[in-house]
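The block underneath contains the structure these notes are about, expressed in structure tokens.
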Amino acid sequence: MAHTDQSVGTLISISGTLASIGLALVAILTAKTSIDHIETAADDFFLFSSFGFLFAVVLGYLALKNNGNGKGGSLATMAEVVFCVSLLGAVIGALLMLYTLV
């Protein structure tokens, strides 16, 4: 699939939003007085997925800047892969949080 400036721009915007949501969840979890092992694991998943989303923002930005030469497409593909892995980490963190509520 061809990468357009609009698709990479959307990826940057969504990644930035999800990174800030993940960091807010980390702050909420660490503010709790008692946190168990599963919540600690969920906290780690949210933290590392937030770092991944921030890395996807950087890769997307570089893909937009290098759109004229051959590196733009590969950087956009890398940004998509990092985004998907980070999204999977956020989903696992959310499932762990749901598990602690049950």
Side-chain angles (χ1 to χ4, degrees):
M1 181 174 162
H3 301 288
T4 63
D5 288 347
Q6 183 179 3
S7 67
V8 175
T10 303
L11 180 75
I12 290 171
S13 175
I14 292 172
S15 293
T17 302
L18 289 175
S20 58
I21 290 171
L23 291 174
L25 287 171
V26 169
I28 290 169
L29 284 174
T30 55
K32 287 179 66 174
T33 55
S34 63
I35 187 168
D36 61 4
H37 295 293
I38 295 174
E39 289 176 333
T40 303
D43 183 50
D44 291 341
F45 273 105
F46 287 131
L47 180 65
F48 289 117
S49 67
S50 295
F51 286 146
F53 288 130
L54 291 174
F55 190 58
V57 168
V58 171
L59 288 173
Y61 173 77
L62 292 174
L64 286 176
K65 289 298 177 185
N66 292 312
N67 199 13
N69 56 18
K71 293 180 182 180
S74 61
L75 286 170
T77 302
M78 286 174 34
E80 289 176 349
V81 169
V82 170
F83 176 82
C84 289
V85 170
S86 299
L87 190 60
L88 179 64
V91 168
I92 292 171
L95 289 174
L96 287 172
M97 287 303 299
L98 286 174
Y99 176 74
T100 60
L101 294 175
V102 175

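Counting from 1, the numbers follow the sequence of the chain as shown. We use all heavy atoms of the structure for the numbers below, so side chains are in, but hydrogens, waters and symmetry mates are not.
Under the side chain to side chain contact (heavy atoms under 4.5 Å, CB included) test applied with Met97, the options Leu29, Ile92, Asp43 reduce to a single match, Leu29. Under the side chain to side chain contact (heavy atoms under 4.5 Å, CB included) test applied with Leu75, the options Leu59, Val58, Asn67 reduce to a single match, Leu59.
What you find for Val82 and Gly52 is that their closest heavy atoms are CG1-O, 3.2 Å. Smallest separation of non-hydrogen atoms from Phe46 and Ala94: CZ-N, 3.5 Å. The two residues Leu11 and Glu80 come nearest to each other via the heavy atoms CD2-N, 4.0 Å. Smallest separation of non-hydrogen atoms from Ser49 and Ala90: CB-N, 3.8 Å.
In this structure, Thr17 and Ile21 have side chains that are in contact, with non-hydrogen atoms separated by less than 4.5 Å. A heavy-atom distance below 4.5 Å is found between the side chains of Leu47 and Leu23.
A distance of 9.0 Å separates CD1 in Ile12 from CG in Leu62, rounded to the nearest 0.5 Å. The CG atom of Leu25 sits 8.0 Å away from the OG atom of Ser50 when rounded to the nearest 0.5 Å. Rounding to the nearest 0.5 Å places CE of Met78 at 11.0 Å from NZ of Lys71. Distance check: Ser15 OG to Phe55 CZ gives 12.0 Å after rounding to the nearest 0.5 Å.
A chain of hydrophobic side-chain contacts below 4.5 Å, direct or via other Ile, Leu, Val, Met, Phe, Trp or Tyr residues, connects Tyr99 to Leu88. Cluster annotation: Val85 and Leu87 are assigned to distinct hydrophobic clusters (Ile/Leu/Val/Met/Phe/Trp/Tyr, side-chain heavy-atom contacts under 4.5 Å, transitive). Residues Val81 and Tyr61 do not share a hydrophobic cluster, defined by chaining ILVMFWY side chains whose heavy atoms lie under 4.5 Å apart.
For Phe45, there are no ring pair (Phe, Tyr, Trp, His ring centres under 6.0 Å) partners two or more places apart in sequence or in a different chain.
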